[in-house]
Amino acid sequence: MSFEFTALRVDVAENLLPLSAVLHQRGLAHRIYEEGGQQVVKVGQQSTVEEVVSLYEGWRSGRYTIEMREKERSAAVPRSALWKKSPLTLVLIALS
């Protein structure tokens with residue numbers, strides 16, 4: 001996909017990760033890169049530009065918040081239990 005339409009240009013110090021996460025959740029393909037001390041948000045369709053700008057302005061004006069949460073990590077499987085899941089592999093290792 002070609003990202004030829006500029007939706008935003010903001011200061012390089014601004015954290016756009018929350019906005020990018022929302023855009024991904026909504027299925028809005030985009031690219032963010034640095035150019036001349038600014039972050040540039042590019043999209044593939046002209047119709048998407050207005051939606052990105054609206055989301056950004058609403059987020060920055062405080063109409064709604066975007067919170068980032070870390071995914072919960074699953075409990076690690078003890079190494080002693082791994083051989084129970086793959087006994088054939090263990091046998092092949094032993095035979096070799």
Side-chain angles (χ1 to χ4, degrees):
M1 173 179 261
S2 173
F3 297 96
E4 57 186 80
F5 299 100
T6 302
L8 294 172
R9 286 184 176 272
V10 298
D11 188 71
V12 75
E14 190 168 352
N15 182 8
L16 291 181
L17 182 60
L19 178 66
S20 181
V22 168
L23 296 176
H24 279 293
Q25 287 173 351
R26 292 177 176 235
L28 300 174
H30 64 284
R31 293 287 180 257
I32 300 174
Y33 61 92
E34 189 270 332
E35 179 180 83
Q38 291 186 317
Q39 294 181 84
V40 180
V41 180
K42 292 265 191 170
V43 294
Q45 299 175 349
Q46 180 66 38
S47 59
T48 307
V49 171
E50 290 179 31
E51 188 172 358
V52 172
V53 170
S54 176
L55 285 168
Y56 175 78
E57 289 174 351
W59 173 45
R60 284 298 169 210
S61 70
R63 280 184 287 172
Y64 50 86
T65 59
I66 302 173
E67 294 182 23
M68 299 292 294
R69 287 183 264 152
E70 288 188 34
K71 285 186 175 181
E72 293 181 20
R73 294 184 180 187
S74 59
V77 178
R79 289 184 184 216
S80 60
L82 291 177
W83 69 270
K84 292 179 183 177
K85 289 188 174 189
S86 53
L88 179 60
T89 304
L90 184 62
V91 169
L92 291 173
I93 291 171
L95 288 174
S96 66

Working to the nearest 0.5 Å, report the span between [atom1] of [X] and [atom2] of [Y].
X: Gln45; Y: Ser2; atom1: CD; atom2: OG; answer: 11.0 Å
X: Gln39; Y: Leu19; atom1: CD; atom2: CG; answer: 10.0 Å
X: Glu51; Y: Leu23; atom1: CD; atom2: CG; answer: 8.0 Å

| query | For Arg31, what residues pass the side-chain hydrogen bond (donor to acceptor under 3.5 Å, both in side chains) criterion, not counting sequence neighbours? | reply |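 With neighbours one apart ignored, the set is empty.
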| query | Quick one: side-chain hydrogen bond (donor to acceptor under 3.5 Å, both in side chains) partners of Ser54, sequence neighbours excluded? | reply |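 With neighbours one apart ignored, the set is empty.
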| message | When you group the ILVMFWY residues by side-chain heavy-atom contacts below 4.5 Å and let the links chain together, are Val10 and Val12 in the same group? | response |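 In one cluster: no.
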| When hydrophobic residues are tied together by side-chain contacts of less than 4.5 Å, even through go-betweens, does Val40 share a cluster with Leu16? |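 They do not share one cluster, since no chain of ILVMFWY contacts under 4.5 Å joins Val40 to Leu16.
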Run the side-chain donor-acceptor check on residues 56-63: report pairs under 3.5 Å with partners two or more places apart or on a different chain.
| unit_1 | atom_1 | unit_2 | atom_2 | d |
| --- | --- | --- | --- | --- |
| Tyr56 | OH | Glu14 | OE1 | 3.0 |
| Tyr56 | OH | Glu14 | OE2 | 2.8 |
| Arg60 | NE | Glu14 | OE2 | 2.6 |
| Arg60 | NH2 | Glu14 | OE2 | 3.0 |
| Ser61 | OG | Glu57 | O | 3.0 |
| Ser61 | OG | Gly58 | O | 3.3 |
| Ser61 | OG | Arg63 | NE | 3.4 |

| request: Compare every heavy atom of Ala7 with every heavy atom of Val53, then report the nearest pair and how far apart it is. | output: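 Minimum heavy-atom contact is CG2-O, 3.2 Å.
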| said: Please determine whether the number of non-hydrogen atoms from other residues, nucleotides or ligands lying under 6.0 Å from atom CD of Glu34 exceeds 12. | reply: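 Check passes, neighbour count above 12.
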| Of Val43, Leu8, Thr48, which is the lone residue that meets side-chain contact (heavy atoms from CB on, under 4.5 Å) with His30? |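 Of the listed residues Val43, Leu8, Thr48, the side-chain contact (heavy atoms from CB on, under 4.5 Å) partner of His30 is Val43.
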